[in-house]
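Contents: one structure, followed by commentary.
Note that this is a predicted model, so its numbers are computed, not measured. Below, each value reflects all heavy atoms present in this structure, side chains not excepted, and no hydrogens, waters or symmetry copies.
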Amino acid sequence: MIVLRAFKTELDLNNVQKTACARHTGAARYAYNWGLARKIEAYQTGQKTPTAIDLHRELNALKKRELPWMYAVSKCAPQEALRNLDQAFDNFFRRVKLKKEGQWHAPLGFPRFKSKKRGLGSFRLTGAIHVFEDAVQLPRLGRLRLKERGYLPVQGAKVLSATVSEHAGRWFVAVQVEMVLPDPVITEKPVAGIDLGIKTLATLSDGMTIANPRALKSSLRQIQRLQKTVSRRQKGSANRRKAVRKLAKAHLRVANVRSNALHQATSQLTKTKSAIVLEDLNVSGMLRNHHLARAIADVGLYEFRRQMSYKGQWYGCRILLAEPFYPSTKRCSCCGSVKVAMELGQRTYACDGCGLVMDRDLNAALNLEQLITASSAGIDACGKGVRPGIPAVLDEAGTEPQFTSG
Ligand SMILES: [Zn+2]
């Protein structure tokens, strides 16, 4: 099986290299913003919207006359930024279409101008990229050291591109490769239903739970404190800038801790199960939530589902989604009766019909698992079935930045 896979790891840059990378992000940002302005202008004056190729040609002519500084960076940086811009417009028009069909309830998200205030951003390079045990060699930038040895695949992978990005003062490289994975061996493995939550990351129908990393809770408290400090500092002051930098670092740490926990959980689950049922997610309901922990958990849910769907393919585990309105938390997993309401704070499920008393999340996970046994037996457990698989398009939607707001 040939798969596309990205490996992201931290760079160990010296000051000269940091400056060179910052210059590349600058060129990418400039090209993106210039291209966006050109597209908007063309639309307003009724001309045909220029594509990435048109814009690249135009930018090259401009480079000779007005932008000599751009010769100091690889030509890939602006070129790939213009490609990203085209992609941003494709995504935007796809959402417009979905909205017309009544399937999109979140803001449409017209492509925005990139600002250095929101971080330096990133740039992508293609062409002669070489990966070593402890370094990566990129066009124009030369050999850059890595903080972790042996993480990037040195052999058996074809490198397609490399993206260098800055987050809270640290630099990372993501290498996209095409590699051959062994086809999954079909063996008898158990099936499971999984309930995802804030308190516990995941509850399995076999009773196993995957806890949220402990570091997450204290980091969240730290973020709330730092956020308060930022808002107390005077706008435009040096102290506010310092506070903002601290806050960005704390946010990065939460993101890293969370991402690591998600990757470990999704790998373990897809390797040990033959099929898994997840609940479908209510997008519009989540976007209205402004609670920090909830917001971060929500982002995690999309990422969890996205990782499950591609890792499921790698390791031979079917991923199924319950119907959006399947009452997994309100239904009794023992007798099947459905409650009218189930308060969010209610941690145990108590059935009035059969007297079952059980942990709320475990009950939900069991209900999800019963969907799979019901569907394979040809019977519908609750009058609702299981939707097989996750279409590739939905997959992409899960990674869109729109979902991170709130
Ligand atoms: Zn019951």
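Between the side chain of Thr200 and the backbone N or O of Thr203, no donor-acceptor pair lies under 3.5 Å. A donor-acceptor pair under 3.5 Å is absent between the side-chain atoms of Thr209 and the main chain of Ala211, judged by distance alone. Judged purely by atom type and a 3.5 angstrom limit, Glu166 uses its side chain to pair as donor or acceptor with the backbone of Gly169. Side-chain atoms of Asp195 do not come within 3.5 Å of backbone N or O of Ala365 as any donor-acceptor pair. No side-chain donor-acceptor contact under 3.5 Å links Ser205 to the backbone of Leu366. For Trp314 (side chain) and Cys317 (main-chain N/O), no donor-acceptor pair under 3.5 Å exists by modelled atom type. Remark: the backbone N or O of Lys271 is not paired with any side-chain donor or acceptor of Lys311 at under 3.5 angstrom. Arg143 contributes no side-chain N or O that, together with a main-chain N or O of Val136, makes up a donor-acceptor pair within less than 3.5 Å. Of the possible polar contacts, none joining the Ser267 side chain to the Gln264 backbone as a donor-acceptor pair under 3.5 Å is found. The main-chain N or O of Gly312 is never found under 3.5 Å from a side-chain atom of Thr270 such that the two would form a donor-acceptor pair.
A 4.5 Å side-chain heavy-atom check between Asn363 and Thr348 finds every atom pair outside the cut-off. Considering only heavy atoms from C-beta on, Phe89 stays 4.5 Å or farther from Gln87 through its side chain.
Residues meeting the ring-ring contact (aromatic ring centres under 6.0 Å, His included) test with Phe113, sequence neighbours left out: none.
Within 6.0 Å of CZ on Phe92 lie more than 12 heavy atoms contributed by other residues, nucleotides or ligands. Annotation for Lys116: atom NZ does not count as buried by contact number, only 12 or fewer foreign heavy atoms lying within 6.0 Å.
For the pair Lys339 and Tyr349, the cation-pi test (distance below 6.0 Å, angle within 45°) is passed.
Nearest approach of Cys21 to Phe123, heavy atoms of both residues: O-CE2, 3.5 Å.
Screening residues 17-40 for side chain to side chain donor-acceptor pair (under 3.5 Å), with sequence neighbours left out, gives Arg38-Glu58, Lys39-Asp86.
At a cut-off of 3.5 Å, with distance as the only test, a side-chain donor of Arg331 or Asn367 sits close to an acceptor on the other residue.
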